[in-house]
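Data block below; observations after.
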Amino acid sequence: MTGPIIRARGLSRQYAQPRGALFAPRRVTTALQPTDLDIAAGEAVGVIGESGSGKSTLVRLLLGLDRPTSGTVEVDGRPVDARAPARSLHWLRRMTGVVFQDPYASLDPRMSVGRIIAEPLWALGVDGDHRARVREVLGDVGLDPEMADRHPHEFSGGQRQRIALARAIAHRPRILVGDEPLSALDVTVRAQILALIRELREREALTLVMVSHDIGVVQNLCDTVVVMKDGAVVESGPTSRVLLHPEQDYTRRLLASIPTIG
């Protein structure tokens, strides 16, 4: 493939609000304005902005987890149709792995760690020895493979996020997506998971899409940054240029709001 691994054109999402009265017209909320985005294979892209700026909506549409109001998404040259039956998107699930924000809510407490990590392997019909792959990927994220028989409540927050990361890469995806994966962790653990994601990206040649409120995370992980406000991309470009020499007033205000120690 010579084009971008992810390509979005005119992508938008609107939500109809409940009527205030029986015959009142429905109000429409625009979560994402028409957006174009290209992500090259092997690139690390950070998506930043305030809460409600449309970051997570954009990512859900790119992953086929929500239906766009308008526009198209292509991944690896194939169209993503979120209206199609779930099985028809197995190819997309094989290509992508996702780590969510809350390491406590994202893991089923009734399942062992081994079953949690193996779930995408059997769900997507991945061939091979699943038990061996679980042990391998636990080692990849810095956990003892003997922990596979334990349950999530036996682990700390940082360890749970390592388990979530292991699940996200178990099926060897080409694209790793993080939706605020570090925001629920304390500073020390955050630095460890940050280093782990960087190591995995380099070793597995992953394309990375990272949604984050933390500018430091994006600065350390990402080649390119996309700045969003009110459902629109207001600025994008190389991370060093956007963060050091922003062109838009909103980006300057966003960067100026970061707490600093004198």
Gap between atom [atom2] of [Y] and atom [atom1] of [X] - 0.5 Å precision:
X	Y	atom1	atom2	value
Met228	Thr35	CE	OG1	5.0 Å
Leu89	Met95	CG	CE	12.5 Å
Leu124	Trp91	CG	CH2	13.0 Å
Arg93	Arg87	CZ	CZ	13.0 Å
Leu208	Thr224	CG	OG1	11.0 Å
Phe155	Leu107	CZ	CG	9.5 Å

Legend entry - Candidate list Thr57, Asp66, Thr29, test side chain to side chain donor-acceptor pair (under 3.5 Å), partner Arg13, passing option: Asp66
Taking only residues two or more places apart in sequence or in another chain, which ones pass side-chain hydrogen bond (donor to acceptor under 3.5 Å, both in side chains) with [X]?
X	result
Arg9	Asp38
Glu146	Arg135
Ser56	Asp179
Asp108	Arg110

Legend entry - With Glu202 via side chain to side chain contact (heavy atoms under 4.5 Å, CB included) - residues at least two apart: Arg198
Legend entry - Results of side chain to side chain contact (heavy atoms under 4.5 Å, CB included) for Ser70 - residues two or more places apart only: Ser12
Closest approach of [X] and [Y], non-hydrogen atoms and distance?
X	Y	value
Tyr15	Ala31	CE1-CB, 3.5 Å
Arg131	Asp129	N-OD1, 3.1 Å
Val218	Ile48	CG2-CG2, 3.5 Å
Ala168	Val99	CB-CG2, 3.7 Å
Asp149	His151	O-ND1, 3.9 Å

Check whether any side-chain heavy atom of [X] lies under 4.5 Å from a side-chain heavy atom of [Y], and answer yes or no.
X	Y	result
Arg94	Pro173	no
Ile6	Leu37	no
Leu62	Leu11	yes
Leu32	Leu61	yes
Met210	Ile197	yes
Arg253	Lys229	yes
His130	Arg133	no
Leu165	Leu176	yes

Is the backbone N or O of [Y] less than 3.5 Å from a side-chain atom of [X], with the two atoms forming a donor-acceptor pair by type?
X	Y	result
Asp36	Gly10	yes
Thr30	Gln33	no
Thr239	Cys222	yes
Glu204	Arg172	no
Arg7	Gly77	no
Gln161	Gly158	no
Lys55	Gly49	yes

Acceptor/donor pairs from residues 113-123 side chains to any protein atom, 3.5 angstrom cut, sequence neighbours excluded:
none

Inset, instruction - Could you walk me through whether Ser257 and Glu50 pass the side-chain contact (heavy atoms from CB on, under 4.5 Å) test, one step at a time? - result: CA-CA 11 Å; Ser257 68; Glu50 299 169 295; over 6 Å; no
Inset, instruction - Just do the side-chain contact (heavy atoms from CB on, under 4.5 Å) check on Arg150 and Ser112 with the steps written out, would you? - result: CA-CA 5 Å; Arg150 299 185 185 179; Ser112 69; over 6 Å; no
With sequence neighbours excluded, what pairs up with [X] under the salt bridge (charged side-chain N to carboxylate O under 4.0 Å, His left out) test?
X	value
Arg60	none
Arg162	none
Arg201	Asp223
Asp214	Arg190

Result block: side-chain N/O donor-acceptor pairs under 3.5 angstrom for residues 241-249, not counting sequence neighbours:
| from | atom 1 | to | atom 2 | distance (Å) |
| --- | --- | --- | --- | --- |
| Arg241 | NH1 | Glu235 | OE2 | 2.8 |
| Arg241 | NH2 | Ser236 | O | 3.0 |
| Asp249 | OD1 | Arg252 | NH1 | 2.4 |

Legend entry - Within one Ile-Leu-Val-Met-Phe-Trp-Tyr cluster: Val126 and Leu138, side-chain cutoff 4.5 Å: no
